[in-house]
Protein chains: 2
Amino acid sequence: MTAPDQPLRADARRNREAVLDAASALFAQHGGDVQMNDIAERAGVGVGTLYRHFSDKQSLQAAIIGRRFAAVAGLAERAEKIDDPWAALEAVLRGYLEAADADAGFRFSILSPIEPAWDDIVREKAGFAASVARITQRAADAGLVRSDFTADDFILLTRGAMANMGGEHEGWRRFLALALEGVRVT
Amino acid sequence: MTAPDQPLRADARRNREAVLDAASALFAQHGGDVQMNDIAERAGVGVGTLYRHFSDKQSLQAAIIGRRFAAVAGLAERAEKIDDPWAALEAVLRGYLEAADADAGFRFSILSPIEPAWDDIVREKAGFAASVARITQRAADAGLVRSDFTADDFILLTRGAMANMGGEHEGWRRFLALALEGVRVT
DNA sequence: ACCTGAACACCGTTCAAGT
DNA sequence: ACCTGAACACCGTTCAAGT
């Protein structure tokens, strides 16, 4: 499950990316109900090819999440280098949510009632999660957030914000302001 | 759209309720992906009957939400009678979320990527919303929560909490504790 | 090794026939 | 007025044939 790692043939890799791009684009346009056939068509591949890369819809959702986690891992590492522990925490939180706001496919996948196939993306998740854990820990140790604040709480807030994104609900920034007020120690 | 109000024939009313009950039960068991045919079967009616009462899945979702709103309207009115404005706010919030936690169909409908048919349930929504507005207003006026706290914020927190309910995510109580900390003034 | 798309199975929705 | 369930259309997934 944890990625075979044998480098894909050039065209296969291209197709894989094309499918992911197509899925993201379609998720952004329509909300949530996107068809596998449409994704394949938009990606310029046959449905069979889509299924060769992603065994089912959950697996495709997981891949979308994995790709986003890989992207924000860099952001998290940069945040770790910020001296002020509070500023570092705010940077990952904001950066992560800003990315989520721009990536409807990611949001729908994360909040989907059908759980995404997390097993497919343990690696991608681990990197980001480790950075976040260190950042939250540091902020708590410095007494800048409640002493019991953990990476799990980061996820809670993050899910909460995403539930207020997209379509009608653009209140997530306000939500974040309220939530941070409850976490910060001043 | 806003409810015809002509009282239904006894068997029709019974069927309507049976469908709603069946949908709730199935949503609670499986997560999110519930079939119209299964709902009809569980309710002991033909699919046609289901569609006679609810024009489509969105409309069924709206009805589930409407029914829950009607139920929590009573709770909100009782909360309004609590003297301490903060205690009143906490009572609606907690009561509403406790009800949401126990009603998976409600949660899936509210957070669904397919927007529920709100037009079907303006009335049911209005009563609850009015109570909540008065309660948040009173708490803000009393200086017990941030002075800019509104009923919209109530919705933000509430959606945030629901995004952390069900299945793996039972962290909504912790989430609520964090969020309230950000809202309360002490 | 990887790609294609017609074909199959399943689920949302309709409608002709019933009471 | 309301109910039924077979039938239809659509979408997720498979698989035989191709490069």
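Order of the sequence lines fixes the chain letters, A, B, ..., with proteins taken first and strands second; residue numbering starts at 1 for each chain. This structure is a prediction, so every number in the text was calculated from the model and none was measured.
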Please determine if A/Glu98 and A/Arg173 form a salt bridge, counting it only when a charged side-chain N lies under 4.0 Å from a carboxylate O. yes
Every protein N/O lying under 3.5 Å from an N/O of nucleotides 9-13 of chain D:
unit_1, atom_1, unit_2, atom_2, d
D/dC11, OP1, A/Gln35, NE2, 2.9
D/dG12, OP1, A/Lys57, NZ, 3.3
D/dG12, OP2, A/Met36, N, 2.8
D/dG12, N7, A/Asn37, ND2, 3.4
D/dT13, OP2, A/Tyr51, OH, 2.8
D/dT13, OP2, A/Lys57, N, 3.4
D/dT13, O5', A/Tyr51, OH, 3.3

Testing C/dC2, D/dC3, C/dC3 for proximity to the side chain of B/Asp11, the answer is D/dC3
Taken to the nearest whole Å, CZ/B/Arg16 to P/D/dC3 is 12 Å
In short, B/Ala79 meets B/Val92 closest at the heavy-atom pair CB-N, 4.2 Å
Rounded to whole Å, the CZ-C1' distance (A/Arg14 to C/dC3) equals 13 Å
So CZ of A/Arg42 and CG of A/Asn37: to nearest 0.5 Å the spacing works out to 15.5 Å
Whole-Å distance, A/Glu41 CD to C/dT4 P, equals 13 Å
Given Watson-Crick and G-U pairs under 3.5 Å, DNA chain C in dot-bracket ([ ] crossing, | other strand) is ||.|||||...|||||.||
Margin query: If you compare every side-chain N and O of A/Arg52 against the phosphate oxygens of C/dC2 (OP1, OP2), does one of them come in below 4.0 Å?
Written below: yes
SB check B/Arg94 B/Glu90 (cutoff 4.0 Å)
yes
Of the candidates D/dT4, C/dC2, D/dC2, the side chain of A/Leu8 sits closest to C/dC2
Heavy atoms of B/Ile155 and A/Asn164 approach each other most closely as O-OD1, 4.4 Å
Can a side chain N or O of A/Asn15 be found less than 4.0 Å away from OP1 or OP2 on C/dC3?
-> yes
Atom NE2 of A/His53 and atom C1' of C/dC3 are separated, to the nearest Å, by 9 Å
Interatomic distance, CH2@A/Trp172 vs CG@A/Leu178, rounded to 0.5 Å, equals 13.5 Å
Flag if over 12 foreign heavy atoms under 6.0 Å of CD, A/Glu80 = yes
In terms of heavy-atom contacts, B/Ile82 and B/Ala91 come closest through CD1-CB, 3.8 Å
Compile the donor-acceptor pairs under 3.5 Å between side chains in residues 60-72 of chain A and protein atoms, sequence neighbours left out, one pair per line.
unit_1, atom_1, unit_2, atom_2, d
A/Arg67, NH1, A/Asp21, OD1, 3.3
A/Arg67, NH2, A/Glu17, OE1, 3.1
A/Arg67, NH2, A/Asp21, OD1, 2.6
A/Arg68, NE, A/Asp103, OD2, 3.1
A/Arg68, NH2, A/Asp103, OD2, 3.1

